[in-house]
Structure formats: structure tokens, C-alpha cells
Amino acid sequence: MKPVLFFDSGIGGLTVLREARVLMPGRPFVYVADDAGFPYGAWEERALADRVVGLMGPLLAEFEPEIVVISCNTASTIVLADLRAAYPETQFVGTVPAIKPAAERTRSGLVSVLGTPGTIARQYTRDLIASWATKCHVRLVGSDRLAQLAETYMRAGFVDEAQVRAEIEPCFLEQGGARTDIVVLACTHYPFLVNRMRKTAPWPVDWIDPAEAIARRALSLLDPLGTAATTLDDTRDIARLTSGAPDAAIRRLMHGFGLRMD
Ligand code: DGL
């Protein structure tokens with residue numbers, strides 16, 4: 001059976017992979033982290049798109065995936081069209097800010113989108129707001145540090161809560177007696193920190209994590225016969241780092257997610 005390939009700049013795509021595992025336990029998975037390019041947030045758009053398109057060719061040749069999930073908002077919002085043009089035989093599923101569900105769900109009309117500086121600056125993100133959220137006030141909040149904080153947290157097991165609080169603080173807005181009631185997690189790294197975000201938030205909000213929706217979208221594009229297969233094999237799934245230099249902490253983490261590193 002051909003694998004489902006996940007691609008991110010780091011460990012963030014694991015938040016999507018864990019949902020995919022639940023939905024399609026019989027599938028083989030390959031997880032690719034472009035740690036040599038991490039973080040993606042500050043990359044110039046053209047350079048990032050060229051990098052991801054360039055990395056994808058050898059990965060497709062080696063793993064021959066049935067589908068590729070770009071489990072990274074920063075890459076998806078700039079590179080999906082280029083990937084589809086460069087590799088027309090391959091199906092790509094993207095991860096883009098969950099602005100539509102947020103606009104449907106908000107009661108106060110004040111929504112914040114928390115992502116990397118790259119995702120927040122994208123025309124793609126602005127177009128999503130123009131298409132789906134014209135009746136809301138959407139605040140775009142770019143964070144330089146949260147993705148790295150999530151990496152540190154998942155590798156080392158601790159995070160400085162004061163730093164988390166400082167990064168999420170701009171998401172919270174009070175205006176005309178109303179308060180922000182939804183924060184969209186527009187970076188796949190952030191769900192790993194969501195409990196710290198809840199703890200340090202000035203008031204309770206709904207944090208939207210699109211991981212399950214992305215996994216469902218991927219499932220809908222797969223051949224159902226393959227998805228029904230139940231040959232469970234703990235050693236089959238693999239993780240690959242573009243640096244080629246996994247340290248002990250990342251090996252442990254990948255192992256914890258059921259991914260082998262050669
Ligand atoms: N996980 C990525 C995203 O969803 C980006 C993290 C980074 O490279 O800064 O946007």
C-alpha cells in the first residue's frame with residue numbers, strides 16, 4: 001500500500017498525523033520535517049516556494065505516496081499551486097487558516113488568527129478573510145517565537161509560560177463591550193501548546209485546531225479499499241529530517257509518535 005506523506009518545517013505536522021492515525025490506522029505514513037529550513041515563518045515567499053517544490057521531487061520518487069499532506073500553514077499558503085503544477089500526478093492536501101469555521105462560530109464577532117509572520121502576511125490569508133469573514137472583525141497576529149517554543153516543549157518537556165502569554169496576548173481584544181471569543185491556531189505547531197495557552201489566556205476562548213478536518217479531507221481523497229486494510233505494523237512508519245542529523249530528543253519524540261528513523 002502506498003503511504004500518506006506528511007510535510008512540515010518541523011514537528012507541527014505531527015498534530016495532523018496523530019489525527020490521521022485515528023482515522024486510517026491501516027495506512028503507512030511517512031513524516032518529513034524540513035528542520036534544515038526551520039523556521040519557515042520569516043522566509044521570503046518565492047524562496048520558500050522554490051525550496052519546498054525542490055525538496056518534494058526526490059521525496060515523491062523515493063516514497064511514491066498516494067497523497068501528500070502539506071501539514072504546514074506557512075508553506076501551504078504559498079506553495080500549493082506550485083506543487084500541483086510541478087507534480088500534476090500527485091494529490092496535495094493543504095493546511096490553511098480555519099477562518100471560515102471561526103467566522104461561522106463566533107458570537108462576539110471578534111476573531112483572532114494566530115500564525116507565523118509568513119502566514120499572517122500572505123495574500124492567501126487575506127483572501128480567506130475577504131471570502132468568509134467580512135461580517136467579523138479579524139485580528140491577524142504573527143508570532144516569531146511560538147513555533148520554536150512548541151519545538152522546545154515537545155523535545156525538552158517544558159516551556160516558559162510567560163513567553164507563551166506574551167505571544168498570545170495580542171489575540172485578546174475588547175471592543176464596544178465585546179471580547180474576542182475565538183482564536184484560530186493557524187500553525188500546526190501550536191496545538192501542542194494549547195493547554196499552556198488556555199492557562200495563560202486573559203479569558204476563555206475557543207481555540208480552533210484544524211488537524212482533524214485536514215485528516216478527514218485527506219481520508220476523503222484516498223482509495224477506500226486501502227483505508228479499510230488493517231495490517232498494523234509498528235515498525236513500518238518512518239520519519240525523515242532534511243538535516244539528516246536527528247538528535248536523541250527528536251528520535252525519542254518521533255519514536256513516541258510511532259515513527260522509525262533510519
Ligand atoms: N508548522 C508550520 C505552520 O503550520 C510552521 C512553523 C515554522 O516553520 O515556523 O505554519
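Ligands are counted one by one from 1 in listed order, and the atoms in each one are counted from 1 as well.
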**Prompt:** Of all the non-hydrogen atoms in the protein, which one sits nearest to atom 10 (O) of ligand 1, and at what distance?
**Reply:** T74 OG1, 2.5 Å
**Heavy atom of G10, distance to ligand 1 below 4.0 Å** = no
**Request:** Using a strict 4.0 Å cut-off to heavy atoms of G41, name the atoms of ligand 1 that fall inside it.
**Result:** 9 (O)
**Message:** As an exercise, identify every atom of ligand 1 less than 4.0 angstrom from a heavy atom of C187.
**Reply:** 1 (N), 2 (C), 3 (C), 4 (O), 5 (C), 6 (C), 10 (O)
**Asked** Under 30°, 30 to 60°, or over 60°: which ring-plane class applies to F29 and F6, parallel, tilted or perpendicular?
**Response** tilted
**Prompt:** Side-chain contact, heavy-atom cut-off 4.5 Å: I120 with V113?
**Reply:** yes
**Complete:** To the nearest 0.5 Å, atom CG of D50 lies from atom CD of E44 at 8.5 Å
**Message:** Is there a polar contact, in the sense of an N or O pair closer than 3.5 Å, between Y40 and ligand 1?
**Reply:** yes
**Item:** Atoms in ligand 1 with a heavy atom of D8 nearer than 4.0 Å
**Value:** 1 (N), 2 (C)
**Request:** Of the side chain and backbone of T188, name the one, both, or neither that has a heavy atom under 4.0 Å from an atom of ligand 1.
**Result:** both
**Request:** Heavy-atom distances under 4.0 Å are what count here, so tell me which part of P39 touches ligand 1: side chain, backbone, both or neither.
**Result:** both
**Request:** State plainly whether the residues R179 and D181 are in salt-bridge range, i.e. N to O under 4.0 Å.
**Result:** no
**Prompt:** How about L149 and R196: do any of their side-chain heavy atoms sit closer than 4.5 Å?
**Reply:** no
**S9, portion touching ligand 1 at heavy-atom distance under 4.0 Å** = side chain
**Asked** For ligand 1, which atoms have a heavy atom of F38 less than 4.0 angstrom away?
**Response** 7 (C), 8 (O)
**Request:** Taking the side chain as every heavy atom from C-beta outward, state whether M254 and L14 have any atom pair closer than 4.5 Å.
**Result:** yes
**Request:** Using a 4.0 Å heavy-atom cut-off, say whether T95 meets ligand 1 through its side chain, its backbone, both or neither.
**Result:** neither
**Request:** Assign the ring pair F192 / F257 to parallel, tilted or perpendicular, where the plane angle (0 to 90°) is split at 30° and 60°.
**Result:** perpendicular
**Message:** Under 3.5 Å between any N/O of S71 and any N/O of ligand 1: does that happen in this structure?
**Reply:** no
**Message:** I'd like to check L173 versus H137 (side-chain heavy atoms, cut-off strictly below 4.5 Å). Are they in contact?
**Reply:** yes
